[in-house]
Each structure stands twice: as structure tokens, then as C-alpha cells.
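Everything quoted here is computed from the prediction, not taken from an experiment.
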Amino acid sequence: MRSYRTLFRTPEFTPFFLSYLAFNAALTIGGLSLATLVYRATASPLLSALSMFGPQLAQVLGATFLLSGADRLRPRSTLAAMGLVFAALTAVLALPGLPVWAVFPVVLAQGLTASLGGGVTGGLLNEILPKDGFVLGRSVFNMASGLMQVLGFAAGGALLTLLSPRTCLLLAAALYAVEALGYRLGLTDRPARAKGRLSVRATWRTNALLWSSRPRRLTYLGLWIPNGLVVGCDSLYVSYAPDAAGVLFASGALGMFAGDVVVGRFVRPALRPRLATPLLLLLATPYLVFALRPEVPVAALAVCLSNVGFAASLVQQERLMSLTPDDMAGHALGLRSAGMLTMQGVAAALAGSLAQVTSPAAAMSMTAGASVLVTLALAVAGLRTPATEAATAPGLAR
């Protein structure tokens, strides 16, 4: 499948896509609003970063206890219920007088709720589309995420000049409710992909099986660590440029959108496996310029160029699906999402801590440098894959 027209003619893809748009719009507006609210109350780069990216830290708990539900729960019901829970929790964050310490238990609950989302969404996309349409469909979802970040952060920044952060949080809650309605009305009520109930034992067993393959391990590490460290840089936008954070977020989303268009639509399938390492290096290296503390226009250009590199995840996810049985696709993609988001939360905490003792600019450049080193180490490890495993896993994503 190489045509967007064919993609959007696929039954159920369009309502699925539109509901995902609503989710991303809510996520960007709500995240920026909450980070701004916390930063205004505390003037702390660490607390601001954790309030925006803290839900990602809870993903490790979801990956440990809940991830078997990605293939064992009915997709439509699960996605609709998650949208409603997010709407309710975001409305709680908008309550007047909510103390800063109370924000973080709510953020933790959001992360636990979201821990199933990546697996359920990815597994359902794998069902709706034919095998040869997965990368194009995934790229469109990534493009939607990027587009909604451009619009959401730009709109969120504009709204925050006119409205209070709490009012913007209520708007995000309404968008989550729209997402839930879209899933409920637009998707077929499919059965679960795997038999059995959600269980901790099944989650651990499948995690161990997925992790037992060296090619899959390297693919997961490449999906989690370099990406997460760069998101640690992103978490400092509010403290780096308090009055222009929306510009930086929107610039990054524009770069992400461009990368997904090029890699998902125009790069030949035979070439894609070779692009993971170059794209991951592109993702990190532009942030090294932050050591010079550039003004907002230069910083925005660096961020835009960097985020083209997020298209590496398309190549890596395609590789992961080639290594994974169909009845474990949701769990495998959920583990990818949970690990990636957990690393993003860890990196946000790390970058925020560095910014507390140095500066946001210095912390961003140091975190980006760490991402470059990890990418190079994983590339070398990929070259050393034993021949017997490489034969069963050609084109290893590095």
C-alpha cells in the first residue's frame, strides 16, 4: 500500500485516525497548560518537566502489570473507556486550589491509564490495515501526532495568553471526551486478539518472550533510549523560554511531521532498514547547539531539524513487527510504547535535575550528547549480532 487515498478508503481507518487526532490535540494543550501552571507556581524546571512528562514514568508500571490487556481486551471498549478516564483526570487537574503535590498522583493515574494505549492502538492498526500498509498507516498516525502538536502547542500557547491554564485544561478534558465518542461510534466492536484475561503473569511471560531475542532487544533499546533522551531536552522548553515554549514545541512537531512524510511515503522499503542510525543521530546532534544558549529563532530551527529524526521509529517499528507473531503484535507495540514513554519520563527527570544545578541550555546539550553516544553504541552492537540470529532477522534496526 503506497497511496494515501487507498489508506483512507480502508474501512474504519478514517474514524480511527480522527479520534487519534482529538487525543493528540488534548494531550498537547493539556500538557503545556499543566507545565505552565506548575512552573508559575513553583519556578522549578524539574517540577515543570515532571508535570508534563510524568505520566510517562508510570508506563513502566503498566508494562509490568497491565500490558497483557493490549491483546486480551476488546479494542473499541478499551479505547473509549481510556478517553473518558483521561477526560475526568484532566478535569481534576483544573480544580481551583489543587495543591501542586496533588498534581502528581493524578499524573501517575494518567500514565497508568495510558500504558495500554500504545499496544491497543498499534495492535488495532495492525488489524485494520494489510501488512504492506502498516508503515504508511503508522507514518500517518505519527504525522497526525506531529500536526496536532504543531496546532496544539501553537493554539495552547495562544490560549494561555488569553485564558488561565485551568481553563485550557478543561478544554483538553472536552477533547478527550470527543476522542472517546469517536472511538465508540466509529469502530467495529472487535473481539480480543488473544484468549484469556488481563493478568500480571501473562504480562511477565510475554515480556520475557519478547525480550529473549537479541534482535528484538536491540530494536527495543533503539526505540527507547535515544528517543527518550531527546524528549528530555524537549521537557525543558518551558524553563528555557517561558514565553516562547509553544514556538519550540510547534517547531519540533513540524520537523517530526516532515520526517514522517518523507520516510513513510517516499523512501523505498529496501532502503528503510539502513536509515535508523542516521536518523537517530540527526535526532540528537542539533541540540548540541543549545550549549551556546541560542535565541528563540535559532533554537526553533535546531529543534525543527532535530525532530525530523523521530522518523527512525517508523523503521524500527516495521522491524519489530517482522520479528513478532501476529497474536502478540499489540503486546509488542505496547511494550515499545511503554518503554519509550518510561524512558522519556526518566529523561525528563534527569534533564530537569541537571537544569536545577546548571541551566536548561546546558542540560539540553548534555542530554543530547548522551543520546549520540547511546546511538553509536547500539549501532556497533547491531553489527556484532551473531550470524545465526542475523539470518533470521535481516536488516536489524540499529
Can you name the one residue among Pro165, Ser48, Ser51 that meets side-chain contact (heavy atoms from CB on, under 4.5 Å) with Tyr39?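 Result: among Pro165, Ser48, Ser51, Ser48 is the only option passing the side-chain contact (heavy atoms from CB on, under 4.5 Å) with Tyr39.
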Pick one: which of Val140, Leu7, Ile128 meets side-chain contact (heavy atoms from CB on, under 4.5 Å) with Phe17?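 So the option named by the test is Val140.
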Applying ring pair (Phe, Tyr, Trp, His ring centres under 6.0 Å) as the test, list every pair that has at least one member in residues 212-234; sequence neighbours left out.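 Applying ring pair (Phe, Tyr, Trp, His ring centres under 6.0 Å) to every pair that reaches into residues 212-234, excluding sequence neighbours, yields Trp211-Trp224, Tyr220-Trp224.
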Evaluate whether atom CZ of Arg74 has more than 12 neighbouring non-hydrogen atoms of other residues, nucleotides or ligands under 6.0 angstrom away.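 Buried by this count: over 12 neighbours within 6.0 Å.
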Check this for me: Arg190, atom CZ, are more than 12 non-hydrogen atoms of other residues, nucleotides or ligands nearer than 6.0 Å?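 More than 12 heavy atoms, drawn from other residues, nucleotides or ligands, come within 6.0 Å of this atom.
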Can you name the nearest heavy-atom pair linking Leu125 to Phe141, along with the distance?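 For Leu125 and Phe141, the tightest heavy-atom pair comes out as CD1-CE1, 3.9 Å.
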Main chain of [Y], side chain of [X]: is a donor-acceptor contact present, judged purely on distance under 3.5 Å?
{"X": "Gln110", "Y": "Leu89", "result": "no"}
{"X": "Thr161", "Y": "Ala158", "result": "yes"}
{"X": "Arg293", "Y": "Ala361", "result": "no"}
{"X": "Thr28", "Y": "Ala25", "result": "yes"}
{"X": "Asn307", "Y": "Gly252", "result": "yes"}
{"X": "Thr375", "Y": "Pro226", "result": "no"}
{"X": "Gln316", "Y": "Gly222", "result": "yes"}
{"X": "Ser371", "Y": "Thr367", "result": "no"}

Same hydrophobic cluster for [X] and [Y], using side-chain heavy-atom links shorter than 4.5 Å among ILVMFWY?
{"X": "Leu98", "Y": "Leu170", "result": "no"}
{"X": "Val357", "Y": "Leu229", "result": "no"}
{"X": "Leu175", "Y": "Leu18", "result": "no"}
{"X": "Leu288", "Y": "Val296", "result": "no"}

Pair His331-Asn207, side-chain contact (heavy atoms from CB on, under 4.5 Å): steps then yes or no: CA-CA 8 Å; His331 193 121; Asn207 284 347; 2.7 Å; yes
Do Leu32 and Val238 make a side-chain contact, defined as non-hydrogen atoms from C-beta onward lying under 4.5 Å apart?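 Yes, side chains in contact.
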Test of ring centre spacing under 6.0 Å for Phe13 and Tyr20: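 Not close enough - the centres of the two rings lie 6.0 Å or further apart.
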Residues which pass side-chain hydrogen bond (donor to acceptor under 3.5 Å, both in side chains) with Arg166, listed by chain and number, not counting sequence neighbours: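 In terms of side-chain hydrogen bond (donor to acceptor under 3.5 Å, both in side chains), with neighbours along the sequence ignored, Arg166 is linked to no residue.
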Distance-only polar pair, side chains of Thr219 and Arg216, donor-acceptor under 3.5 Å: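 No, no side-chain donor-acceptor pair sits under 3.5 Å.
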Classify the ring geometry of Tyr237 against Tyr287: parallel below 30°, tilted from 30° to 60°, perpendicular beyond 60°.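 Ring orientation, 0 to 90° scale: parallel.
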